[in-house]
Number of protein chains: 2
Amino acid sequence: MKKSLADKIEQYLKVLIDRSEEKQIEIQRTELAETFSCVPSQVTYVISTRFQEKFGYRTESRRGGKGFVRITRFTISSDICTINDAEKFFQLINELEENKMLDPKESSMLKHIVLSVSSTLKDEDRQHLYNSVARALNEYLNLNQ
Amino acid sequence: MKKSLADKIEQYLKVLIDRSEEKQIEIQRTELAETFSCVPSQVTYVISTRFQEKFGYRTESRRGGKGFVRITRFTISSDICTINDAEKFFQLINELEENKMLDPKESSMLKHIVLSVSSTLKDEDRQHLYNSVARALNEYLNLNQ
DNA sequence: CTTTATTTGACTTTCTTTGTCTATTATAAT
DNA sequence: ATTATAATAGACAAAGAAAGTCAAATAAAG
């Protein structure tokens, strides 16, 4: 397969992430664009298509002077949580966020809390947690229009 | 991350606060500006963007001769270890809301979810839930300053 | 040939830096 | 005591420095 520019940038970033201690890198969009002699929005394109949550990456960024894009690879260690349920729960939250039922902060707060709490539970309790939180959240959102 | 000047000043102040006995410092805006070779309003900018109530800081100041800016880090008084019933949990949430660490919507959403989930649990699991959610929430709020 | 993915560029938003002008307060002068 | 002066900090706005958005043009895949 002939590698597109997007593929090359993707690979470049993934190598950087793999090599990094924290499985996390920070880049400057403009700088990276210069490295690959392309427009900055090309970098945005690569990040938004290849480094989504569903692929195990999270991104944050800051605009303005000394701005950056941070990409983190998160690994859900399969022995601690049943990927299936956590994943479905995350999916639900993401959907709700997309549909503007949840703000980004609310969304990330819920994810953090549920993930953290679930890690203290036994397998069957964990499953119950995802389920009951999802139902409670649904109920709350219905009650509040 | 390439640190902006604002980031550096922020970090400097946070170190000072952490080291202080009372989690409180007093600085002179002009002096600090000189230390960092910048205009005084840069210091104002850092303080107003990074040391807001929602991040757990309060500021006071006085103009004129012997003027100062005082920054206080306030900590949530509730001891998380003892959060093991609904009442204490709700108290914590209310406190966080008063301190602007949580919006009203976030606050009521959390209450609803935790109450609803807890109603499906046995007594000892319920205790555990309040406690682990409180911990996770605290962790989240700390991570996001 | 149609559909999907990539590339590009113009425009927008956010965050930072700097500067100017205003408000407040302690102190010195009257 | 009253007033003037100097020493602060605050408010606000302009300029600068990134990143984001969106849609049109192009290329690749089916």
Side-chain angles (χ1 to χ4, degrees), chain A residues 1-14 16-17 24-55 57-72 94 97-100 103-105 107-108, chain B residues 1-14 16-17 24-55 57-72 144-145:
Chain A
M1 173 186 58
K2 190 147 187 290
K3 278 217 180 68
S4 67
L5 177 53
D7 291 334
K8 287 177 196 155
I9 296 176
E10 174 190 6
Q11 191 177 40
Y12 176 80
L13 291 175
K14 286 187 172 167
L16 286 188
I17 294 170
Q24 173 176 290
I25 57 170
E26 275 172 13
I27 56 158
Q28 295 211 270
R29 194 181 73 145
T30 316
E31 195 179 83
L32 186 57
E34 261 159 29
T35 307
F36 283 89
S37 308
C38 63
V39 292
S41 49
Q42 174 75 311
V43 175
T44 304
Y45 172 72
V46 171
I47 288 169
S48 67
T49 55
R50 324 290 223 256
F51 294 88
Q52 302 169 10
E53 283 219 359
K54 62 179 173 196
F55 302 134
Y57 296 91
R58 231 181 302 109
T59 60
E60 306 156 89
S61 69
R62 197 168 67 184
R63 306 182 183 188
K66 300 289 193 312
F68 61 85
V69 178
R70 178 184 306 143
I71 308 177
T72 313
N94 288 339
E97 188 182 338
E98 266 167 43
N99 294 331
K100 308 274 191 248
D103 295 340
K105 187 188 162 192
S107 161
S108 73
Chain B
M1 176 179 54
K2 271 187 190 159
K3 282 219 180 67
S4 65
L5 178 54
D7 291 334
K8 289 176 194 155
I9 297 176
E10 173 190 7
Q11 193 177 40
Y12 177 81
L13 291 174
K14 285 187 172 168
L16 286 188
I17 294 170
Q24 174 176 290
I25 56 170
E26 272 176 21
I27 56 156
Q28 295 213 276
R29 195 181 71 143
T30 317
E31 194 180 83
L32 186 56
E34 262 159 29
T35 307
F36 282 89
S37 309
C38 64
V39 291
S41 48
Q42 174 76 307
V43 175
T44 304
Y45 172 71
V46 171
I47 288 169
S48 68
T49 54
R50 321 289 223 260
F51 294 88
Q52 302 169 12
E53 284 222 348
K54 64 178 173 199
F55 302 134
Y57 296 91
R58 254 189 237 109
T59 59
E60 307 154 89
S61 69
R62 197 169 64 190
R63 307 181 183 190
K66 302 281 186 353
F68 63 86
V69 178
R70 175 158 50 223
I71 308 177
T72 312
N144 301 269
Q145 261 97 31

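So that the names make sense, note that chain A is the first sequence line, chain B the second, and so on, each numbered from 1. Atoms considered below: every heavy atom in the structure, side chains included; atoms not considered: hydrogens, waters and symmetry mates.
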Enquirer: Give the C-alpha distance, both sets of side-chain angles, the deciding distance and a yes or no for side chain to side chain contact (heavy atoms under 4.5 Å, CB included) between I47(A) and Y57(A).
Expert: CA-CA 10 Å; I47(A) 288 169; Y57(A) 296 91; over 6 Å; no
Enquirer: Roughly, in whole Å, what's the span from CZ in R29(B) to C1' in dG10(D)?
Expert: 6 Å
Enquirer: When all nucleic acid strands are considered with a 4.0 Å heavy-atom cut-off, which category describes G67(B): base, sugar-phosphate, or nothing?
Expert: sugar-phosphate
Enquirer: Can you establish whether the number of heavy atoms outside E53(B) located under 6.0 Å from its atom CD is more than 12?
Expert: yes
Enquirer: Specify the separation, in whole Å, of atom CD of Q28(B) and atom P of dG10(D).
Expert: 12 Å
Enquirer: Rounded to whole Å, how long is the line connecting atom NZ of K3(A) with atom P of dA29(D)?
Expert: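 Spelled out: NZ on K3(A) to P on dA29(D) is 14 Å.
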Enquirer: Between R70(B) (CZ) and dG10(D) (C1'), how many Å, whole number?
Expert: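 In whole Å, dG10(D) C1' lies 17 Å from R70(B) CZ.
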Enquirer: Have a look at R62(B) and say if it touches a base, only the backbone sugar-phosphate, or nothing, with a 4.0 Å heavy-atom cut-off.
Expert: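 Sugar-phosphate, no base atom in range.
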Enquirer: Taking five pairs at each end, how big is the angle between the two axes of the helix from dC1(C)-dG30(D) to dT30(C)-dA1(D), to 10°?
Expert: 10°
Enquirer: Below the 4.0 Å mark, does dG10(D) have OP1 or OP2 next to a side-chain nitrogen or oxygen of S61(B)?
Expert: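 Yes, S61(B) has a side-chain N/O under 4.0 Å of OP1/OP2 on dG10(D).
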Enquirer: Scan the side chains in residues 27-45 of chain B for donor-acceptor partners under 3.5 Å anywhere in the protein, sequence neighbours excluded, and list what turns up.
Expert:
residue	atom	partner	partner atom	Å
Q28(B)	NE2	G67(B)	O	2.7
R29(B)	NH1	T44(B)	OG1	2.8
T35(B)	OG1	E31(B)	O	3.1

Enquirer: With a 4.0 Å cut-off on heavy atoms, is R50(A) in touch with a base, just the backbone sugar-phosphate, or nothing at all?
Expert: sugar-phosphate
Enquirer: Give, for atom CD1 of I25(B) and atom OH of Y12(B), the distance between the pair rounded to the nearest 0.5 Å.
Expert: 8.5 Å
Enquirer: With rounding to the nearest 0.5 Å, note down the distance linking CD1 in I17(B) to CG in L13(B).
Expert: 6.0 Å
Enquirer: Going by heavy atoms closer than 4.0 Å, what residues in residues 5-12 of chain A are next to DNA chain D?
Expert: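 Close to the strand, none.
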Enquirer: Compare every heavy atom of S4(B) with every heavy atom of R50(B), then report the nearest pair and how far apart it is.
Expert: NH2-OG, 4.3 Å
Enquirer: Using a cut-off of 6.0 Å, state whether more than 12 heavy atoms not belonging to K105(A) lie near its atom NZ.
Expert: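 It does: K105(A) NZ has more than 12 such atoms within range.
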Enquirer: Mind checking what makes salt bridge (charged side-chain N to carboxylate O under 4.0 Å, His left out) contact with K14(A), not counting sequence neighbours?
Expert: E10(A)
Enquirer: Need two values: the first and the last nucleotide of DNA chain C, 5' to 3', having an atom under 4.0 Å from any heavy-atom of chain A.
Expert: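 Contact boundaries, 5' end first: dA5(C) to dT16(C).
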Enquirer: Please check if the side chain of E26(A) supplies one atom and the backbone of M1(B) the other of a donor-acceptor pair under 3.5 Å.
Expert: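 Side chain of E26(A) to backbone of M1(B): a pair is present.
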Enquirer: Below 4.0 angstrom, which residues in residues 41-49 of chain A have at least one non-hydrogen atom near DNA chain D?
Expert: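 Under 4.0 Å from DNA chain D: S41(A), T44(A).
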Enquirer: Distance check needed: dA9(D) P versus I71(B) CD1, whole Å only.
Expert: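 These atoms are roughly 12 Å apart.
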Enquirer: Closer than 4.0 angstrom, basic N to acidic O: yes or no for D7(B) and K2(B)?
Expert: no
Enquirer: Rounded to the nearest 0.5 Å, how far apart are CD1 of I71(B) and CG of L16(B)?
Expert: 9.0 Å
Enquirer: Got a second to check how far Q24(B)'s CD is from R58(B)'s CZ, nearest 0.5 Å?
Expert: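 So the gap between those two atoms works out to 11.0 Å.
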Enquirer: Report, as yes or no, whether the 6.0 Å neighbourhood of atom CD on Q11(A) holds more than 12 heavy atoms from other residues, nucleotides or ligands.
Expert: no
